[in-house]
Q: 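Supplied in structure tokens, the structure appears directly below.
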Amino acid sequence: MSSISDLRKLSNIISNAVDRIEDICAAKGLEFPSLDKSFSRGDEAAREIPEVYEATNLITSAAGQLAAMARSPAMMMIDVSFKCFQGTALKIAWEADAAEYLRAHGPSHVSDIAKHRDISANKLGRILRLLATTSYVFREVSPDIFANNRLSSLLDSGSSLDNLRSNRNAKYNGLPAYLDLNLEFGAQAAKQLLQTLFDPSTAHSLNFEESALLASYGTKGSLFDYIKRPENERHEKRFDAATASLTAISSFDWARLAKGSIVVDVGGGKGSQSLILARNFPHLCLVIQERDVVIPDAEKYWVEEGMADVVESGRAKLQVHDFFTPQPVKDAAVFYVRGVLLDWPDEYCTTILRNLHDAATPETQLVLQDIITFHACPDPAAEGYKEGLLSVPPEPILANWGVANSYPYYLDMALLNAFHTRSRTVAEYTELLRKGGWKVEDLRHGSLPLAVANQTIIAVPI
Ligand SMILES: C[S@@+](CC[C@H](N)C(=O)[O-])C[C@H]1O[C@@H](n2cnc3c(N)ncnc32)[C@H](O)[C@@H]1O
């Protein structure tokens with residue numbers, strides 16, 4: 001097939017998807033959000049319609065592939081080799097409070113933005129220009145005058161500039177906390193990761209104590225032990241805010257569970273997901289299980305969130321439980337395991353899953369929210385799944401949807417970096433679950449709106 005015909009197919013995919021978005025928006029009386037305006041949840045209404053979301057994925061995948069085909073290969077590769085500077089630039093903009101400054105003052109000269117943290121206007125201007133040019137983050141509205149746009153406004157913690165001057169932890173709120181976690185852990189260990197992969201003593205290791213990130217911090221134990229140390233309060237605050245920002249509860253039909261059903265949130269952190277379940281589904285009872293060091297923080301968190309009465313009434317229980325030991329709850333409707341298996345090597349996961357299996361009734365469902373990756377070539381294990389980024393895309397889009405589905409692949413690198421672990425393919429999850437006594441029933445894509453949500457596997461006991 002000539003490459004011209006592939007260019008044409010990709011451009012048709014884009015053009016048809018734009019037509020579909022236009023029709024749906026017109027029928028519903030909605031505007032498709034502009035990139036030039038700051039982010040607001042209300043303006044995302046169009047993109048939250050599943051057909052529109054699917055069309056945006058088609059556009060993203062096809063446009064990325066089209067650019068790779070159309071552009072000079074040398075320029076494309078030089079771009080890839082310089083990608084690390086995008087992360088560095090984003091981190092500098094984050095530390096400069098550029099998004100908060102532009103929210104407070106509107107379009108501003110870079111010398112004013114730079115004064116807030118007393119840094120060089122010239123250097124910051126070049127940083128913001130790089131971001132505006134290569135990733136469409138910020139907008140240069142006239143020479144050296146920058147403004148927030150839909151992307152850069154997601155760096156905004158919502159804190160006032162005065163507050164940020166005296167309390168840098170005020171940055172850790174919602175998505176900006178997650179972005180900073182990725183930026184800092186990635187940059188911290190970038191060199192060490194290379195060394196870890198090639199050093200014969202660690203090249204084949206799966207020991208989480210030997211991860212590149214922990215080595216670069218010069219520490220042993222797990223990352224959870226590290227961030228719990230008193231001197232690492234900043235890390236802990238950011239980690240908690242980051243995990244809480246990634247809500248993904250909607251890809252399971254919680255409403256259909258019978259009244260009084262018990263949902264056990266295994267390794268549930270402070271219970272940020274269970275808290276959303278408790279608020280939205282009053283018919284459910286929640287048990288949040290965590291390590292002993294986390295439960296006191298969880299108790300405080302539920303009080304701070306105005307949900308103390310739910311704990312006092314017993315509808316939500318905060319329970320110390322080590323998931324490597326036998327599961328005490330024997331009548332759960334759902335074992336909810338989110339962001340846990342991706343932290344552990346296979347043999348540890350099998351123990352966690354076996355403990356759940358041994359406590360399950362024949363009706364218990366396992367709701368697993370983790371990161372699933374597909375091969376970048378046609379993947380037989382992916383066949384049969386019809387939903388969004390889990391389905392097979394139209395040709396010639398890459399079989400795993402390419403850039404529209406980049407998140408699980410980046411997260412896989414983050415896992416390798418921090419925990420020495422990995423995301424898993426559908427075939428790997430199926431096999432892991434089988435060893436743990438579970439059979440995969442369904443696979444669903446994570447919820448909107450920010451599309452940083454995890455994918456969901458629903459399994460039943462064998
Ligand atoms: C990535 S966090 C996910 C937290 C939560 N499920 C969520 O999605 O927000 C993993 C959690 O596993 C907990 N954890 C680690 N080892 C554990 C163990 N042996 N028993 C119970 N929880 C554990 C950690 O304290 C941490 O809160």
Side-chain angles (χ1 to χ4, degrees), residues 172 174-175 177-178 181-182 185 208-209 211 213-214 221-229 232 235-252 263-278 286-302 305 316-329 334-345 347-356 359 366-371 408 411-412 414-423 446-447 450 452-457:
Y172 302 136
L175 191 71
Y178 184 56
L181 184 86
N182 297 340
F185 282 180
F208 55 80
E209 296 198 354
S211 78
L213 186 65
L214 291 175
S222 77
L223 185 63
F224 298 115
D225 298 331
Y226 180 71
I227 65 173
K228 232 24 207 134
R229 288 189 199 153
N232 289 335
H235 283 290
E236 193 191 8
K237 285 211 167 347
R238 182 177 54 190
F239 194 85
D240 288 348
T243 354
S245 75
L246 303 176
T247 55
I249 60 162
S250 68
S251 40
F252 180 75
V263 175
V264 185
D265 189 354
V266 183
K270 290 195 284 192
S272 58
Q273 301 309 298
S274 284
L275 193 128
I276 298 170
L277 291 179
L286 289 314
V287 181
I288 298 97
Q289 298 182 332
E290 254 296 340
R291 298 178 303 146
D292 53 0
V293 284
V294 178
I295 289 296
D297 293 342
E299 284 162 355
K300 268 190 244 149
Y301 174 72
W302 282 65
E305 291 290 321
K317 285 199 184 83
L318 302 168
Q319 187 175 71
V320 173
H321 172 63
D322 174 350
F323 49 48
F324 293 116
T325 63
Q327 170 58 239
V329 180
V334 170
F335 287 126
Y336 181 34
V337 185
R338 177 186 188 256
V340 167
L341 297 192
L342 47 74
D343 296 339
W344 299 96
E347 60 274 26
Y348 290 77
C349 292
T350 311
T351 306
I352 297 171
L353 291 167
R354 271 276 152 211
N355 285 328
L356 298 179
L366 176 68
V367 176
L368 197 68
Q369 282 187 321
D370 251 29
I371 298 299
L411 198 71
D412 189 28
L415 293 175
L416 174 65
N417 191 33
F419 298 101
H420 232 161
T421 60
R422 63 196 174 107
S423 64
S447 62
L450 289 174
V452 286
N454 304 345
Q455 295 138 337
T456 302
I457 292 176

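Treat the numbers as computed from the prediction; the structure is a model and nothing was measured. Indexing begins at 1, ligand by ligand and atom by atom, following the structure's order. Below, all heavy atoms of this structure are taken into account, side chains as well, without hydrogens, waters or symmetry copies.
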Q: Would you tabulate the polar-atom pairs, meaning N/O of ligand 1 against N/O of the protein, with distances under 3.5 Å, reported to 0.1 Å?
A:
from	atom 1	to	atom 2	distance (Å)
ligand 1	6 (N)	G267	O	2.8
ligand 1	6 (N)	R338	O	2.8
ligand 1	8 (O)	R338	O	3.4
ligand 1	8 (O)	R338	NH1	2.6
ligand 1	9 (O)	R338	NH1	3.1
ligand 1	19 (N)	D322	OD1	2.9
ligand 1	20 (N)	F323	N	3.0
ligand 1	25 (O)	E290	OE1	2.9
ligand 1	25 (O)	E290	OE2	3.3
ligand 1	25 (O)	R291	NE	3.0
ligand 1	25 (O)	R291	NH2	3.3
ligand 1	27 (O)	E290	OE2	2.5

Q: With sequence neighbours excluded, what pairs up with H235 under the ring pair (Phe, Tyr, Trp, His ring centres under 6.0 Å) test?
A: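 Y217, Y226.
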Q: Taking H420's backbone N and O only, do any of them form a donor-acceptor pair with S211's side chain (distance below 3.5 Å, no angle check)?
A: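 A pair under 3.5 Å: no.
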Q: Return the orientation label for the F224 and F419 ring planes: parallel under 30°, perpendicular over 60°, tilted otherwise.
A: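 If you compare the ring of F224 with that of F419, the planes turn out tilted.
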Q: Test of understanding: with salt bridge (Lys or Arg N to Asp or Glu O under 4.0 Å), list the residues that count as partners of D297, not counting sequence neighbours.
A: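 With sequence neighbours excluded, D297 shows a salt bridge (Lys or Arg N to Asp or Glu O under 4.0 Å) to K228, K300, given in chain and number order.
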Q: Keeping N355 on the side-chain end and F323 on the backbone end, is there a donor-acceptor pair under 3.5 Å?
A: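 Answer holds: yes.
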Q: Under the side chain to side chain contact (heavy atoms under 4.5 Å, CB included) rule, collect the residues that match up with P296, sequence neighbours excluded.
A: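 Not a single residue meets the side chain to side chain contact (heavy atoms under 4.5 Å, CB included) criterion with P296.
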